[in-house]
Structure formats: C-alpha cells, structure tokens
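See structure below.
Letters A, B, ... mirror the listed sequences (proteins, then strands); counts begin at 1.
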Protein chains: 2
Amino acid sequence: MNLKELSQNLGLSQTTVSRALNGYPEVSAATRARVEEAAKAFNYRPSTRAKGLATGKALAIGHVIPMSTKHEMVNPIFGDFIAGAGETYARHGYEMILSIVADEDEHQIYRGLKSRRAVDGVIVHGPRMNDPRIPLLQELGLPFAVHGRATGCETPYAWLDVNNRSAFERATRFLFDLGHRRIALINGLEVMDFAHRRRAGYEDALRAHNVAVDPALMRSGEMTEVFGYQSTRDMLQETNAPTAILASSLISALGARRAVEEQGLTIGRDVSIITHDDALSYLQNGGDVPIFTATRSSVREAGRQLAHILLDIIANPGGTPKAILLEAELMVGGSTGPAPRKD
Amino acid sequence: MNLKELSQNLGLSQTTVSRALNGYPEVSAATRARVEEAAKAFNYRPSTRAKGLATGKALAIGHVIPMSTKHEMVNPIFGDFIAGAGETYARHGYEMILSIVADEDEHQIYRGLKSRRAVDGVIVHGPRMNDPRIPLLQELGLPFAVHGRATGCETPYAWLDVNNRSAFERATRFLFDLGHRRIALINGLEVMDFAHRRRAGYEDALRAHNVAVDPALMRSGEMTEVFGYQSTRDMLQETNAPTAILASSLISALGARRAVEEQGLTIGRDVSIITHDDALSYLQNGGDVPIFTATRSSVREAGRQLAHILLDIIANPGGTPKAILLEAELMVGGSTGPAPRKD
DNA sequence: TAGGGCATCCAAAGCGCTTTGGCTATGATT
DNA sequence: AATCATAGCCAAAGCGCTTTGGATGCCCTA
C-alpha cells in the first residue's frame, strides 16, 4: 500500500492524505480522522526512502564501530550502549545504521555515509587521543556526537562522557583511606581516551598521597579476562606486590580475581579490587552487596542521552554543541577492605 | 555531488553516466574510464535512498534484536555476530539496520520494516521454541534467515545453527568417560531453542549411560555470571553434589568457577567444568591450553555465513531455503579431569 | 546505393513521497 | 451586493536515481 493507492481509496488527493498524516493544519478534523483510520486499516507506512528523498533527510543515524584489525575485538559495552540509543531513535522515528569497520577504513566509511546521504548524523565510538575522526567529520559537515572525548581535539564538538578522571581518582583515594599504599592499575589501551583519563585520575591520587608512580604497578592492554589474569598474576609474584588493584573493566576484574584466588589469597582481605562497572546487562555486579567495589555508570543510559544530543543537533543545526559529563558512583562492595598488616 | 551535476560536468547524459558506473555494456571503454575517474575525483556515490527508490530494493538488511522487557538484557554474543554479518554486507554493498526491541513490540517492528520498505530482508536473532516470528515473516513475505532454529516451526525456512544437541551430548559423554556420574547442567533459558537442544543432548548422554535425569542437577536462567555462581554454589552445598558441570556460556562458567573456588575446591580435580564457548572477541578462553574445556563455535563466523545465506535468498528468490548446521569443536582445556574418587 | 546491424549515446518516465502554488466554496465584512 | 478572508482541497513539480524506448552515426553487406 502506497500513498497513491491509499488516497485513491479515500477519494482524496495525495497532498491531502500526506498532510493529514503529518499533522498539517489545513485538513478538516473529519477528513483527518478518516485518513488516519484508513491508514491504520491498510497498515500504511510511508516508505522511508521516498520520504527521505523528498525531505532531504535520511531519518537514520550511523554508528561506526571501530574494530582494530589486529585484535578483531568488538567492545563488549557496545551492545548495551546501542540498546540505549536505539530506544531514543525509535521514539523519534529514526533508524540506526551500523557499520563495523577496521580502523584504516574509517575515513572511507564516513565519506561514504556522507556522500551517499545515508545518515543524518553519526555517533563516534571509542575515541582515541587526538582522534582524527573528529576533524574529519567537522570538515565533512556531518553532524556527530562522541561517546567519550578526544584529548587534543580543540574545536568544540558534542560529547557525553563519564568523568573517568574523577572516578579513578576517588577510587584510588578510597584505597588510600583503607591504608593501601601499593596500588596497581590494570588499564585499557592507553591510546583510548578514557584509559588515558583514568590513569590521570589514578596518578593524581598517588601524587596527593606522596606516593611515586611505579611503572611496575601499571598495565595497559585490551580489557579481556585473560589480560586481567596475567597482569595480576605477574604483579603478585613480584617482590613488593600490590595490596590493591584498580581494574578498568569488570571483565578484566574477573581475571584479576582468578589470579588472586589462584595464589591462595583472599579478595577484600589480602588483595582489594576496585573495578569500573558499565552496568552491562549480562555482567551484573552481584546482588544486595555488589561483588566488586566499583565506580559505576550505566552505559545504556549514556546511549540514551547521547542519542538525544545528536538528534537535537540535527533538529537545530548551528547551536553550540552540547556536552554531558556524567559522574560515576562509587559503590562499595565485597572486594575491598583494609590493607593487610605488614608482617 | 549528484548524478545530474556529474553528468553535466562530463558533458554526458545521466543515463550514460549511470550505466558506466554500474557496469552496463553499452558504454565505450574510453567513456567508462573517463566517468569512473570523474566519479572518484568528485567523490561521487549514488544516494542510497534514490537508488533504492528507483530499483525497488532497500539495499539494507534488518537485525531485530529481542530484549525481554523484564530483564532488559542484550545478548552478549550479539556484538560478535553482528561484526561477522557486517563484513559480508559491506562486501556486497548492503547496509545493516538495527532495531532493539521489547518482545511484545516485535510484530509491529516487522510489519513496519515491511510496509516502510526499509529492508530487503531480516535476520532473526534468538529464536524461541515455536517462535511466532517465523510464521509472521512468512506471511509478510519478508525474506529472512534465522540464527538458530525454532523447534515446532514446520514450514521450511533458512537457518544456520550450531549442533547444540550433539555438542552437549559429546561434552556429557566426555565427562562420563572421565568417570563422572553426577553431572550438572547450567543452561540458558529453556524457552530459547538452543537451550532446549542443549538439554536434549545432555539428557541423551545421561540415558545412554543409564543415569537418571535429576532435576536437582539442572538449572535454567539467563546466562549471567551471577546465575552461574549461585547455581553452582547451591548445587555444591547439597548432599550428593555434582562432580562435573556443563555450562551454557563462558560467562556463567566464570560464575561457576567462582563458586567452586569459594568452596575451597579445585577445578579440574574436585569439580570439572565444560562450557560452551562462542569465541567472543573479548572473552577468549585462555592461551595455549584453554582455561575451560569447551564446545567451541565461532559466533562471528556464524554471522558471516548467515548473512550470505540471506543475501542469496534475496538475490534468487523462490529457491529452497538453505540451512547450515555447524558442528562445535570439543576443545580440551584445564577445567576437566577424572572424577574424584569416592572417599 | 540502399539497407541492415552495431555501437553509443540520450530524453523522458517512473519509483513514493513532500511541498509549492493554486483553486473553490463559504461565511464575514463593508 | 460586492469584496475579502479563510478553510479545505488539489495538480504538479521535484528529490536523485534507474530504465525503457528510442535516436544517431558508422561500417558492412548485397
């Protein structure tokens, strides 16, 4: 069923039917009701493509998910983020178009989305430091919003980020308050902006307590279980091992836990762990008392809000780009406790 | 830059330029070369919308991800599956459109995709038993392919599935061979077809060894870490506790491991664990020797292949729907060993 | 020399929608 | 009674592409 058929069916012109359906005023209430009823009865929906062609809008948002060619790793937070963003799009009649793409093809993808007029805007995932995508998108004039920030990109752009720095600063301070002095950081890849900021927060806290930054206590890598395990195991075997560990993701924290327990040590007594928790639906951090003490911030909520920001930009171009900085909650769970006494 | 401008620029008609770009024969080699060069120089790409309108194809595939409203859980395998499918689409000039949708809205979504002519076909994720989506899609005449199968749906349809039944049958048998008799199953939600089949495989093996199916040894729920932990903890506390556990996902296996170690037991000695491993990029099962003995099958590869099946259907409608049954590998890792001797 | 066959190219219609620029009554205004 | 808004509707153009159904030369054959 298309507009033409529907309007013939009603004995009206396409113009009138279109206007009735899109809420224009120059249609009588009676006619509008009749049209709406018929549309429902015939399950009529305007073709997105035709509508897009006629209006010049794509009614779609692109999500370009970077995948480093080497590791072929898809960020696990992505599912939940997308779920949040999708909610917002659905409410506003937008579609979500996904491209998963190797780093070196990204430029081509963005240019393609632009020149094919496939989307009205894009969400930038996983920003790195000095991320080249941001100037590229600005040059292309394709509206965008960034999940995270890109240190080094000067011109203003729209973003939503967790305050990673303050979250990790607070978490580290919390460990100091419990008497820990040897605190390790198992971080994500530090080309990623969020990892960079977390490290900065961690170092801030160390400096505030006059503790030297010790490279032996810092690891950086892709946040897998195995990475958390190996890093922890290695550090625990060294002399002057850490009594507390900051992990950048729940998944690597699970690995850290495995290494700790494998050494016959007890979490929360011999070794404390704090992790960042993105509140992923399939990786919930415990029941009444969370398993891990964690800095928590829902990535799904982030998706919802960032989608709103982008739709705003598209609806009112030319405004100052909006930015949201979410504060993570520090949730005390069972994985932290006072530093063990020196024997 | 659009076709009109490009063709004016070249002093050719739109027809000729279009034909040159789309590989039609009635264009001289010289002209074609000239056109292609200009298209590259101006970074011209035909508008997907206009092309879609003109050809009647959407050049897009829909992925409708169900999300049970209650649990709001996004299946974690979804990211890797999508990455695989996306590769295939990119190679064939298709876009991927994503809708994440609560169970009760699914019907509306499919009808919408159809009547808005937004996609040429859809991938059905997470089929349940007697899944109503399959007859619905058949009725709508929207091409589709299913990731998994739906027991109870009689009319033929295209699908790709892991042989869950034989995988779990073999895994269970493997445990019997090691001397285990009390084998527990920590399964996914058994409305899900895959979970149903895994259970059937497990029960097959029990029967083949004349061991009664014991409901006390079977759990079914959403495959989170916490679910794996709680199920294992509870079962280990009972008299006549299991000496081996079959887990339906690596994530719940991690929870099972936690429970086992919390009891002061050793994995692979006191309690053996076998899990299904979807080979997710961020959850790799160990290094040289896998941590967990596992039935393994790459969900990313599944995405690649299923996308192909669907594109085939779209290109050649009316053929017999293709189906692929992948066999999982049984990879021996460090989490299994002979059953402990009775004291 | 006329006709046929090819190789190249083009004008225009059409895909399904929105939107511009009318047109026609009807009732209010002077 | 003549004029004028206004409400309510419509025809047709246009969005950027593909595709149908010719045109136009040019070379070859008879």
key: Residues touching DNA chain C, which here means a heavy atom under 4.0 Å, drawn from residues 50-59 of chain B   =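 Leu53(B), Ala54(B), in order of number.
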request  = Determine the minimum heavy-atom distance between Ile100(A) and Gly79(B), stating which atoms define it.
outcome  =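 Here Ile100(A) and Gly79(B) meet closest at CD1-O, 4.4 Å.
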request  = State which residues pass salt bridge (charged side-chain N to carboxylate O under 4.0 Å, His left out) with Arg133(B); sequence neighbours excluded, sorted by chain then number.
outcome  =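 So Arg133(B) forms a salt bridge (charged side-chain N to carboxylate O under 4.0 Å, His left out) with Glu106(B), Asp131(B).
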note = Heavy-atom contacts, protein to nucleotides 6-11 of chain C, under 4.0 Å, summarised as B (base), S (sugar-phosphate only) or - (none) per nt, yield --BBBB
query = Reading DNA chain D 5' to 3', which nucleotide is the first, and which the last, to come under 4.0 Å of any heavy atom in chain B?
reply =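 Counting from the 5' end, contacts occupy dG16(D) to dG21(D).
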task = List in chain and number order the residues that pass ring pair (Phe, Tyr, Trp, His ring centres under 6.0 Å) with His63(B), two or more places apart in sequence or in another chain; answer none if no residue qualifies.
result =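 Checked His63(B) against ring pair (Phe, Tyr, Trp, His ring centres under 6.0 Å); matches are Tyr89(B), His125(B).
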message = Once side chain to side chain donor-acceptor pair (under 3.5 Å) is applied, do any residues pair with Arg19(B), and if so which ones, sequence neighbours excluded?
response =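 For Arg19(B) there are no side chain to side chain donor-acceptor pair (under 3.5 Å) partners, ignoring immediate neighbours.
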task = Report the residues that fulfil side chain to side chain donor-acceptor pair (under 3.5 Å) with Thr320(A), sequence neighbours left out, ordered by chain and then residue number.
result =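 Listed in chain order: nothing, the list is empty.
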Listed once per pair and sorted, the ring-ring contact (aromatic ring centres under 6.0 Å, His included) pairs that draw on residues 3-58 of chain B, sequence neighbours left out =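 Residue pairs with at least one partner in residues 3-58 of chain B: there are none.
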request  = Write out all pairs satisfying ring-ring contact (aromatic ring centres under 6.0 Å, His included) with one or both partners inside residues 96-117 of chain A, taking only residues at least two apart or from two chains.
outcome  =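 Pairs touching residues 96-117 of chain A that pass the test: none.
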query = Which residue pairs satisfy the salt bridge (Lys or Arg N to Asp or Glu O under 4.0 Å) criterion with at least one member in residues 33-55 of chain B, sequence neighbours excluded?
reply =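 Checked against salt bridge (Lys or Arg N to Asp or Glu O under 4.0 Å) - neighbours excluded - no pair reaches residues 33-55 of chain B.
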request  = Could you note down all residue pairs passing side-chain hydrogen bond (donor to acceptor under 3.5 Å, both in side chains) where residues 113-124 of chain A supplies at least one of them, sequence neighbours left out?
outcome  =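 Only Arg116(A)-Thr48(B), Arg116(A)-Glu95(B) qualify under side-chain hydrogen bond (donor to acceptor under 3.5 Å, both in side chains).
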inquiry  = For Glu301(A), give me all partners under side-chain contact (heavy atoms from CB on, under 4.5 Å), at least two apart in sequence or on another chain.
reply    =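 Per chain and number, Glu301(A) pairs via side-chain contact (heavy atoms from CB on, under 4.5 Å) with Ser298(A), Arg304(A), Gln305(A).
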